[in-house]
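Report on one structure; see the data block that follows.
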Amino acid sequence: MQRNSLKFLAGAGLALLSVAAAAGPFIGSRDAEHATLYLNVDQTAKQLYPVEIWAVDGKLTNRDDQGVLWIKPGEYTFDVRVSRDVNLATVPGLQHSSRYGQQEHKLTVTVEAGKGYYIGAKFTASGKWEPQVWKTVDTAK
């Protein structure tokens with residue numbers, strides 16, 4: 001009987017570790033120490049477009065709420081995609097009419113607690129884009 005209890009406890013411990021690992025770097029409470037990622041800000045006039053994070057440090061995210069994210073402080077490599085197709089005919093200075101944005105790009109950022117990071121896709125005159133932190137603000141209470 002004691003042996004089965006130990007197996008159960010070991011299995012439960014592994015399950016909890018799996019859940020903690022799956023949770024990743026994102027947090028669900030503003031009360032915990034965190035940085036804030038702003039992904040949904042559209043700055044069309046500056047050729048910056050909203051993005052989504054598809055993976056963090058090579059691990060896929062399953063987050064649907066990709067407007068504002070709270071994340072634990074640290075260094076991360078994000079796999080980023082433009083959150084919607086961008087018709088380059090609407091990008092100031094470009095003459096192309098094809099649609100871009102589905103390519104995935106990597107962005108490495110060190111985030112600090114109490115800071116907010118605005119991340120967007122910056123388009124160039126050639127129609128290519130790169131993710132970038134285009135604004136950092138203090139968000140500490």
Exercise. Hey, does the side chain of Y49 reach the backbone of S83 with a donor-acceptor pair shorter than 3.5 angstrom?
Worked result: no

For this session: Could you tell me whether a side-chain N or O of T36 sits under 3.5 Å from a main-chain N or O of W70, the two making a donor and an acceptor?
Result: no

Exercise. In this structure, which one of L39, L37, V51 forms a side chain to side chain contact (heavy atoms under 4.5 Å, CB included) with F78?
Worked result: L37

For this session: Among residues two or more places apart or on two chains, list those pairs meeting salt bridge (Lys or Arg N to Asp or Glu O under 4.0 Å) that have a residue in residues 38-53.
Result: D42-R84

What's the shortest heavy-atom distance between [X] and [Y], and which atoms?
X    : Y    : result
I27  : K72  : CG2-CG, 3.7 Å
G67  : N40  : O-OD1, 3.4 Å
H34  : R30  : CE1-O, 3.2 Å
E75  : T110 : OE1-OG1, 3.3 Å
A121 : W129 : CB-CE3, 3.4 Å
L48  : G120 : CD2-C, 4.4 Å

Starting at [atom1] of [X], measure out to [atom2] of [Y] and round the result to the nearest 0.5 Å.
X    : Y    : atom1 : atom2 : answer
Y117 : E112 : OH    : CD    : 4.5 Å
D79  : K106 : CG    : NZ    : 3.5 Å
Q43  : K122 : CD    : NZ    : 10.0 Å
T139 : K115 : OG1   : NZ    : 8.5 Å

For this session: Could you list the residues that satisfy ring pair (Phe, Tyr, Trp, His ring centres under 6.0 Å) with W134, not counting sequence neighbours?
Result: Y118

Problem set entry | Set of residues satisfying salt bridge (Lys or Arg N to Asp or Glu O under 4.0 Å) with respect to K135, sequence neighbours excluded | none

Exercise. Are I119 and L60 connected in the hydrophobic side-chain network, where two residues link if heavy atoms are under 4.5 Å apart?
Worked result: no

For this session: May I ask whether V133 and L69 are part of the same hydrophobic cluster, defined by side-chain heavy atoms of I, L, V, M, F, W, Y residues being less than 4.5 angstrom apart, directly or through others?
Result: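 V133 and L69: one cluster.
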
Problem set entry | Within 6.0 angstrom of E33 CD, more than 12 heavy atoms from elsewhere |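 No, not enclosed.
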
